[in-house]
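Below is one structure, written out as structure tokens, with a few remarks after it.
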Amino acid sequence: MSKKVFVGLSGGVDSSVTAALLKQQGYDVTGVYMKNWSQDLPGMVCPWKQDYQDAKRVAVHLGIPFKLYDFEKEYRQLVVDYMIREYRAGRTPNPDIMCNQEVKFKLFLETAIADGTDMIATGHYARIKDGKMFAGIDSTKDQSYFLYRVTEDALKKSLMPIGEYKKSEVRELARKFGLATADKKDSQGICFVGKVGIKDFLLHELGPQPHGVIIDQHGKKIGEHDGALFYTIGQRHGLQVGGGLPFYVTGKDMDKNIVYVTTDLQDDKLWHNELKLKEVYWINETPKTKSELQVRTRYRAQLVEIKEILFAKDGPPESKNDDVINILLDEDVRAVTPGQSAVIYDGERCLGGGIVY
RNA sequence: UGGGGCGUAGCCAAGCGGUAAGGCAACGGGUUUUGGUCCCGUGAUUCGCAGGUUCGAUCCCUGCCGCCCCAG
């Protein structure tokens with residue numbers, strides 16, 4: 001009897017092709033639409049119904065069973081609340097990483113297993129071999145960055161067939177399979193916030209924030225902001241201040257409600273050759289200190305060579321000793337941002353990573 | 001109320017007699033399963049105001065208004 005696999009169908013091309021490929025490979029495939037968010041937001045109608053229908057259409061076309069898992073409550077709690085909490089603390093979270101860690105590869109996996117499947121599958125551009133994770137073949141679409149907090153155990157029960165293909169090939173396959181989603185535009189932005197934009201979403205959730213001052217590299221006040229929590233390190237637009245050169249955010253003081261900026265692209269405050277990470281997670285074994293490793297500080301960014309990893313004894317007060325590390329780099333990296341993730345690679349292999357603090 | 005300088009789009013800023021550069025911001029679009037970055041596109045019938053000289057003025061002259069600096 002063939003292996004049972006539940007494929008997360010989002011209504012997009014990638015997951016559609018994932019299901020088609022697995023079926024072609026002889027798996028006993030079931031399509032599952034995860035309903036994580038359905039609420040309309042000011043200026044945007046939530047596309048979940050459309051996505052659900054597209055997912056169902058694909059399932060029907062492929063002749064596979066189709067299910068709906070309603071995770072709205074959990075998603076709100078695990079992903080959205082986390083995101084809001086982080087922004088309030090002045091950090092810049094990555095909700096999609098949290099979504100993969102807590103929802104797709106934990107809640108969905110557990111629910112699906114309990115529902116009788118052997119494995120799950122998703123339309124991620126990454127490769128899994130023996131519980132190890134590797135970058136997708138298409139380096140321009142590689143999504144392993146978003147998956148570094150998925151456990152080895154979960155990976156062993158997961159399939160990501162799309163990781164073996166380039167995006168253009170996936171589109172081609174979709175057409176070949178006759179999938180309705182073949183030419184559907186790629187989704188972007190946080191899945192649920194979508195077109196609205198993070199600032200509008202936070203404004204909607206938290207209401208107007210106290211305004212404060214914007215101070216440049218010379219200590220001079222150059223304008224006012226409408227809430228420090230809306231701004232992130234490295235950010236250029238949205239400050240509403242002009243004149244001469246563009247301003248980039250270099251830091252924030254949440255207590256004083258100050259946003260610091262600079263016009264100097266070489267400003268020391270914009271560049272770092274050391275990363276302090278907390279909540280460090282290794283997918284498999286903990287690597288040796290001085291191996292030849294690389295790190296990525298944002299999605300699709302170039303890998304940067306690591307000079308040394310120091311397993312720190314002290315970290316931020318709330319963290320345990322063994323999940324804090326310092327990474328020394330060979331070159332400077334721009335706009336290292338607290339709350340964001342730094343993901344560690346050994347070439348194509350994704351080893352794990354941590355959260356900048 | 002002696003001397004000097006300046007007033008060009010929301011901001012910075014070139015032009016100094018020939019029919020308004022550029023940058024920032026903003027807005028629109030593109031890239032992107034986080035935030036951000038990045039790329040492309042869009043602005044003044046008009047140059048503080050009022051007169052004058054000239055074929056023609058943002059550029060020259062006069063007056064007024066506003067601002068800055070030095071000196072009292």
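Within every chain, numbering begins at 1; the chains are lettered A, B, ... in the order of the sequence lines, protein sequences first and strands thereafter.
Note: Tyr52(A) and Tyr33(A) have perpendicular aromatic rings, judged against thresholds of 30 and 60 degrees for the angle between ring planes. Under the 30°/60° scheme for interplanar angles, the aromatic rings of Phe71(A) and Phe108(A) are found to stand perpendicular. Classification of the Trp37(A)-Phe201(A) ring pair by plane angle, with boundaries at 30° and 60°, yields perpendicular.
When the C1' atom is compared between G52(B) and C59(B), the two are found 15 Å apart, to the nearest whole Å. U37(B) and G17(B) have their P atoms separated by 43 Å, given to the nearest Å. On the P atoms, U19(B) is 13 Å away from A57(B), given to the nearest whole Å. Rounded to the nearest Å, the gap between the C1' atom of A9(B) and that of A44(B) is 5 Å. Across G10(B) and G2(B), the matching C1' atoms stand 37 Å from one another, rounded to whole Å. C69(B) and A26(B): their C1' atoms are spaced 34 Å apart (whole Å). Nucleotides G72(B) and A50(B) have their P atoms positioned 38 Å apart, rounded to a whole Å.
Contacts of Gly238(A) with the nucleic acid, taken as non-hydrogen atoms under 4.0 Å apart, involve only primed sugar atoms and P, OP1 or OP2. Contact annotation for Thr337(A): base contact, defined as any heavy-atom pair under 4.0 Å involving a base atom.
Base pairing of A71(B): no nucleotide in any strand meets the Watson-Crick or G-U wobble criterion (both distances under 3.5 Å). As the counterpart of C60(B), G52(B) is assigned, both hydrogen-bonding distances of the Watson-Crick or G-U wobble pattern falling under 3.5 Å. The partner of A13(B) is absent, by the rule that a Watson-Crick or G-U pair needs both atom distances under 3.5 Å.
Ranking A26(B), C24(B), U31(B) by closeness to the Gln240(A) side chain, first place goes to A26(B). Side-chain atoms of Asp186(A) lie closest to U33(B) of the nucleotides G35(B), C24(B), U33(B).
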Determine, for nucleotides 36-42 of chain B in 5'-to-3' order, which nucleotides have protein heavy atoms under 4.0 Å from the base (write B), from only the sugar-phosphate (write S), or from neither (write -).
BSS----

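Following rounding to the nearest Å, Asp14(A) (CG) and U33(B) (P) show an atom-to-atom distance of 8 Å. In this structure, the CG atom of Asn100(A) is 13 Å from the P atom of U33(B), given to the nearest Å. Residue Met98(A) contributes atom CE, which lies 15 Å from atom C1' of G35(B) at whole-angstrom precision. Between the OH atom of Tyr145(A) and the P atom of G35(B) there is a distance of 11 Å, given to the nearest Å. Taking atom OH on Tyr148(A) and atom C1' on U34(B), their separation rounds to 12 Å, with Å as the unit. Regarding Ile214(A), its CD1 atom lies at a distance of 16 Å from the P atom of C11(B), rounded to whole Å. Rounded to whole Å, atom C1' of U33(B) lies 17 Å from atom CH2 of Trp37(A). Separating the CG atom of Leu239(A) from the P atom of C27(B) is a distance of 12 Å, rounded to the nearest angstrom.
Anti is the classification of U58(B), since its glycosidic angle lies more than 90° from 0.
Summarising the local packing, NZ of Lys184(A) is surrounded by more than 12 heavy atoms from other residues, nucleotides or ligands at distances under 6.0 Å.
Side-chain nitrogen and oxygen atoms of Lys141(A) include at least one within less than 4.0 Å of the OP1 or OP2 phosphate oxygen of U33(B).
RNA chain B is contacted by both Lys185(A) and Pro93(A); Lys185(A) maps to the nucleotide lying nearer its 5′ end (nearest heavy atom per residue).
For Thr151(A) and Asp153(A), the side-chain atoms include no donor-acceptor pair closer than 3.5 Å.
Gln53(A) contributes no side-chain N or O that, together with a main-chain N or O of Gln50(A), makes up a donor-acceptor pair within less than 3.5 Å.
Of the residues listed (Arg76(A), Arg88(A), Lys199(A)), the one engaging Glu205(A) in a salt bridge (Lys or Arg N to Asp or Glu O under 4.0 Å) is Arg76(A), and it is the only one. In summary, of the residues considered (Ile137(A), Asp14(A), Leu147(A)), a side chain to side chain contact (heavy atoms under 4.5 Å, CB included) with Tyr125(A) occurs for Asp14(A) alone.
Taking the six-membered ring for Trp and the full ring otherwise, the centers of Tyr87(A) and Tyr82(A) sit at least 6.0 Å from each other.
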